[in-house]
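In what follows, chains carry the letters A, B, and so on, assigned in the order in which the sequence lines appear, proteins first and then strands, with residues in each chain numbered from 1. Remember, predicted model here, so these are calculated numbers, not experimental data. Basis for what follows: all heavy atoms, side chains included, without hydrogens, waters or symmetry-related copies.
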Amino acid sequence: MESEKNKSNKTQFGFSIHWEGLYFNVEGDKKIRKAFFSKEPFFSYKTSALTEKIEKYFKGEKVNFKLKFDLELPRFTKKVLEKVLEIPYGKTRNYGEIAEELQTSPRAIGQALAKNPIVVLIPCHRVISKSGIGGYSYGVRIKKALLRLEGVDIF
DNA sequence: TCCGCCGACTCGT
DNA sequence: ACGAGTCGGCGGA
(Lines give C-alpha, C1' and ligand atoms only; values in the text may rest on other atoms or scores of the structure.)
Protein backbone atom coordinates (compact mmCIF):
# COMPACT_ATOMS: atom_id res chain seq x y z
CA MET A 1 0.00 0.00 0.00
CA GLU A 2 1.24 3.48 -0.80
CA SER A 3 1.07 5.65 2.26
CA GLU A 4 -1.36 8.53 2.16
CA LYS A 5 0.53 10.52 4.70
CA ASN A 6 2.56 12.21 2.03
CA LYS A 7 0.68 15.43 2.66
CA SER A 8 -0.69 15.07 -0.86
CA ASN A 9 2.53 16.60 -2.08
CA LYS A 10 2.51 14.98 -5.47
CA THR A 11 5.28 16.10 -7.71
CA GLN A 12 3.68 18.30 -10.32
CA PHE A 13 6.81 19.06 -12.20
CA GLY A 14 10.27 17.71 -12.51
CA PHE A 15 12.94 18.05 -15.11
CA SER A 16 16.57 17.29 -15.75
CA ILE A 17 19.10 19.34 -17.66
CA HIS A 18 22.51 18.13 -18.80
CA TRP A 19 25.42 20.31 -17.77
CA GLU A 20 29.13 19.75 -17.10
CA GLY A 21 28.79 15.99 -17.36
CA LEU A 22 26.01 15.86 -14.80
CA TYR A 23 22.27 16.32 -14.70
CA PHE A 24 20.67 19.17 -12.81
CA ASN A 25 17.24 18.14 -11.57
CA VAL A 26 14.42 20.23 -10.16
CA GLU A 27 11.17 18.98 -8.72
CA GLY A 28 8.22 20.46 -6.91
CA ASP A 29 4.54 21.21 -7.12
CA LYS A 30 3.47 24.81 -6.75
CA LYS A 31 6.72 25.49 -5.04
CA ILE A 32 10.16 24.09 -5.67
CA ARG A 33 11.01 21.30 -3.30
CA LYS A 34 14.33 19.96 -4.47
CA ALA A 35 17.13 20.77 -6.86
CA PHE A 36 20.15 18.53 -7.09
CA PHE A 37 22.83 17.12 -9.35
CA SER A 38 23.02 13.48 -10.32
CA LYS A 39 24.93 11.26 -12.70
CA GLU A 40 21.82 10.03 -14.46
CA PRO A 41 18.80 12.13 -15.38
CA PHE A 42 16.14 11.92 -12.72
CA PHE A 43 13.15 13.13 -14.69
CA SER A 44 12.24 12.70 -18.32
CA TYR A 45 9.90 15.58 -18.78
CA LYS A 46 10.24 19.33 -18.85
CA THR A 47 7.87 22.15 -18.18
CA SER A 48 7.21 25.80 -18.27
CA ALA A 49 8.95 29.06 -17.78
CA LEU A 50 11.19 27.73 -15.06
CA THR A 51 12.80 25.25 -17.42
CA GLU A 52 13.62 28.00 -19.85
CA LYS A 53 15.09 30.19 -17.15
CA ILE A 54 17.31 27.41 -15.96
CA GLU A 55 18.44 26.59 -19.47
CA LYS A 56 19.37 30.22 -19.92
CA TYR A 57 21.24 30.16 -16.65
CA PHE A 58 23.35 27.22 -17.71
CA LYS A 59 24.10 28.91 -21.00
CA GLY A 60 25.68 31.68 -18.97
CA GLU A 61 22.92 34.24 -19.11
CA LYS A 62 22.37 36.37 -16.05
CA VAL A 63 19.18 35.13 -14.51
CA ASN A 64 17.76 35.81 -11.12
CA PHE A 65 15.23 33.29 -10.07
CA LYS A 66 12.49 34.95 -8.08
CA LEU A 67 10.99 31.78 -6.79
CA LYS A 68 8.96 30.32 -3.98
CA PHE A 69 10.55 27.47 -2.12
CA ASP A 70 9.09 24.82 0.05
CA LEU A 71 11.61 24.35 2.81
CA GLU A 72 10.97 22.09 5.72
CA LEU A 73 14.13 22.64 7.63
CA PRO A 74 15.29 23.70 11.06
CA ARG A 75 14.91 27.40 11.76
CA PHE A 76 18.58 28.20 11.75
CA THR A 77 19.22 26.40 8.47
CA LYS A 78 16.38 28.30 6.86
CA LYS A 79 17.71 31.57 8.15
CA VAL A 80 21.08 30.87 6.57
CA LEU A 81 19.57 29.86 3.24
CA GLU A 82 17.42 32.97 3.18
CA LYS A 83 20.50 35.05 3.76
CA VAL A 84 22.23 33.31 0.90
CA LEU A 85 19.34 34.16 -1.42
CA GLU A 86 20.33 37.80 -1.02
CA ILE A 87 23.71 37.28 -2.65
CA PRO A 88 23.42 38.67 -6.17
CA TYR A 89 24.37 36.81 -9.34
CA GLY A 90 28.10 36.84 -9.92
CA LYS A 91 28.97 37.96 -6.39
CA THR A 92 30.43 35.99 -3.52
CA ARG A 93 30.59 36.24 0.24
CA ASN A 94 32.54 34.16 2.69
CA TYR A 95 31.34 31.96 5.51
CA GLY A 96 32.70 34.30 8.13
CA GLU A 97 30.82 37.35 6.85
CA ILE A 98 27.53 35.55 6.94
CA ALA A 99 28.33 34.11 10.34
CA GLU A 100 28.92 37.59 11.65
CA GLU A 101 25.59 38.84 10.39
CA LEU A 102 23.78 35.95 12.02
CA GLN A 103 25.94 36.10 15.13
CA THR A 104 27.19 32.57 14.84
CA SER A 105 30.31 30.70 13.71
CA PRO A 106 31.57 30.09 10.17
CA ARG A 107 31.46 26.39 10.84
CA ALA A 108 27.75 26.51 11.55
CA ILE A 109 27.19 28.31 8.25
CA GLY A 110 29.02 25.64 6.29
CA GLN A 111 27.06 22.97 8.04
CA ALA A 112 23.77 24.65 7.16
CA LEU A 113 24.74 25.12 3.53
CA ALA A 114 25.62 21.46 3.27
CA LYS A 115 21.93 20.77 3.79
CA ASN A 116 20.74 23.02 0.98
CA PRO A 117 18.00 20.97 -0.71
CA ILE A 118 17.75 23.39 -3.64
CA VAL A 119 21.24 23.93 -4.98
CA VAL A 120 21.98 26.52 -7.66
CA LEU A 121 18.58 28.20 -7.19
CA ILE A 122 19.52 28.85 -3.60
CA PRO A 123 23.02 29.93 -4.54
CA CYS A 124 25.11 28.38 -1.81
CA HIS A 125 27.93 28.11 -4.37
CA ARG A 126 28.39 31.87 -3.92
CA VAL A 127 29.60 31.31 -0.38
CA ILE A 128 33.31 30.69 -0.38
CA SER A 129 35.99 30.52 2.24
CA LYS A 130 38.10 33.46 3.21
CA SER A 131 41.28 31.78 2.01
CA GLY A 132 39.97 29.74 -0.91
CA ILE A 133 36.90 28.28 -2.49
CA GLY A 134 35.54 26.25 0.40
CA GLY A 135 33.51 23.09 -0.02
CA TYR A 136 30.52 21.92 -2.02
CA SER A 137 28.20 18.94 -1.69
CA TYR A 138 28.67 17.95 -5.31
CA GLY A 139 32.38 18.62 -5.38
CA VAL A 140 34.50 21.69 -5.74
CA ARG A 141 34.73 21.17 -9.50
CA ILE A 142 31.03 21.93 -9.87
CA LYS A 143 31.27 24.88 -7.50
CA LYS A 144 34.07 26.36 -9.58
CA ALA A 145 32.14 25.74 -12.79
CA LEU A 146 29.09 27.53 -11.39
CA LEU A 147 31.15 30.49 -10.30
CA ARG A 148 32.93 30.67 -13.62
CA LEU A 149 29.57 30.50 -15.35
CA GLU A 150 28.57 33.59 -13.41
CA GLY A 151 31.77 35.34 -14.36
CA VAL A 152 33.65 34.90 -11.11
CA ASP A 153 37.20 34.31 -12.25
CA ILE A 154 39.14 34.16 -9.05
CA PHE A 155 39.78 30.42 -9.09
C1' DT B 1 58.53 37.96 4.07
C1' DC B 2 55.51 34.32 2.33
C1' DC B 3 53.59 29.97 2.43
C1' DG B 4 51.79 25.52 4.48
C1' DC B 5 50.72 22.67 8.32
C1' DC B 6 48.69 22.29 13.01
C1' DG B 7 46.01 23.10 17.20
C1' DA B 8 42.35 25.63 19.32
C1' DC B 9 38.01 27.52 19.10
C1' DT B 10 33.27 27.73 17.40
C1' DC B 11 28.13 26.22 17.22
C1' DG B 12 23.90 23.92 15.14
C1' DT B 13 22.52 19.23 14.27
C1' DA C 1 30.89 14.00 18.26
C1' DC C 2 31.22 16.03 13.74
C1' DG C 3 31.82 19.53 9.87
C1' DA C 4 31.24 23.11 2.90
C1' DG C 5 35.66 27.61 8.68
C1' DT C 6 38.96 30.84 10.79
C1' DC C 7 42.78 32.54 13.42
C1' DG C 8 47.36 32.56 15.46
C1' DG C 9 51.76 30.41 15.72
C1' DC C 10 55.74 28.09 14.23
C1' DG C 11 59.21 26.22 10.90
C1' DG C 12 61.12 25.94 6.37
C1' DA C 13 62.07 28.09 1.64
Side-chain angles (χ1 to χ4, degrees), chain A residues 3 5-7 9 11 14-29 31-43 50-51 53-155:
Chain A
S3 87
K5 60 189 173 184
N6 284 351
K7 300 176 202 149
N9 267 346
T11 294
F15 54 87
S16 303
I17 294 176
H18 194 41
W19 181 72
E20 283 285 326
L22 292 177
Y23 289 86
F24 178 66
N25 316 280
V26 184
E27 79 165 297
D29 39 73
K31 297 175 181 172
I32 296 170
R33 238 197 328 275
K34 266 186 186 177
F36 57 99
F37 286 101
S38 61
K39 243 185 144 158
E40 300 297 325
F42 224 82
F43 304 103
L50 178 56
T51 320
K53 266 194 170 179
I54 291 175
E55 279 171 345
K56 280 185 182 176
Y57 176 81
F58 283 118
K59 279 181 202 154
E61 291 183 44
K62 177 172 178 175
V63 176
N64 23 2
F65 310 100
K66 295 167 188 167
L67 301 167
K68 297 286 184 183
F69 303 108
D70 186 7
L71 301 177
E72 297 193 11
L73 294 166
R75 284 186 301 285
F76 176 80
T77 307
K78 247 193 279 190
K79 220 194 299 182
V80 174
L81 294 178
E82 279 161 15
K83 208 71 183 169
V84 165
L85 277 171
E86 296 171 10
I87 307 174
Y89 183 97
K91 303 273 177 137
T92 62
R93 326 244 355 238
N94 60 55
Y95 300 93
E97 289 169 340
I98 296 180
E100 202 173 343
E101 288 179 36
L102 298 181
Q103 315 214 56
T104 181
S105 78
R107 230 63 222 237
I109 301 297
Q111 197 180 223
L113 295 189
K115 295 192 197 97
N116 182 4
I118 303 178
V119 296
V120 179
L121 306 182
I122 298 179
C124 61
H125 58 279
R126 294 179 194 149
V127 186
I128 62 182
S129 113
K130 194 168 185 186
S131 55
I133 192 169
Y136 198 67
S137 352
Y138 297 98
V140 169
R141 182 185 77 84
I142 291 297
K143 186 172 187 175
K144 281 184 188 166
L146 287 168
L147 288 173
R148 209 167 307 137
L149 184 70
E150 297 190 10
V152 179
D153 270 337
I154 50 182
F155 297 109

Students should find this one: the first and last nucleotides of DNA chain C, 5' to 3', lying under 4.0 Å from a heavy atom of chain A. What are they? C:dC2 to C:dC7
Shortest non-hydrogen separation from [X] to [Y] and the atoms involved:
{"X": "A:Leu71", "Y": "A:Pro117", "result": "CD2-CG, 3.8 Å"}
{"X": "A:Val119", "Y": "A:Cys124", "result": "CG1-SG, 4.4 Å"}
{"X": "A:Gly134", "Y": "A:Val140", "result": "O-CG2, 3.6 Å"}
{"X": "A:Ser137", "Y": "A:Ala114", "result": "OG-O, 4.3 Å"}
{"X": "A:Pro106", "Y": "A:Ala99", "result": "N-CB, 3.5 Å"}

Using only atom types and a distance under 3.5 Å, with no angle test, would you say the side chain of A:Thr77 pairs donor to acceptor with the backbone of A:Ala112?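 Flag not set: sc A:Thr77 to bb A:Ala112 has no pair under 3.5 Å.
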Counting a pair only when it is Watson-Crick or G-U and both distances are under 3.5 Å, which runs of at least 3 such pairs involve DNA chain C? B:1-9 with C:5-13, B:11-13 with C:1-3
Earlier contact from the 5' end, DNA chain B, for A:Arg107 and A:Lys115: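 Closest to the 5' end, via its nearest nucleotide, is A:Arg107.
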Within the 4.0 Å heavy-atom criterion, would you say A:Tyr95 contacts the bases, only the backbone, or no part of the nucleic acid? base
Once you apply a heavy-atom cut-off of 4.0 Å, does A:Thr77 come out as touching a base, just sugar-phosphate, or nothing?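 Sugar-phosphate, no base atom in range.
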Sequence neighbours excluded, which residues qualify as side chain to side chain contact (heavy atoms under 4.5 Å, CB included) partners of A:Leu149?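 Side chain to side chain contact (heavy atoms under 4.5 Å, CB included) check on A:Leu149 returns A:Trp19, A:Tyr57, A:Phe58.
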The side chain to side chain contact (heavy atoms under 4.5 Å, CB included) partners of A:Lys62 (sequence neighbours excluded) come to A:Tyr89
Check step by step if side-chain contact (heavy atoms from CB on, under 4.5 Å) holds for A:Ile54 and A:Leu121. CA-CA 9 Å; A:Ile54 291 175; A:Leu121 306 182; 4.2 Å; yes
Hey, could you give me each pair passing salt bridge (charged side-chain N to carboxylate O under 4.0 Å, His left out) that has a residue in residues 143-155 of chain A? Not counting sequence neighbours.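 Residue pairs with at least one partner in residues 143-155 of chain A: A:Arg126-A:Glu150.
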Distance under 4.0 Å to a non-hydrogen atom of chain A counts as contact; along DNA chain B, which nucleotides mark the start and end? B:dT10 to B:dT13
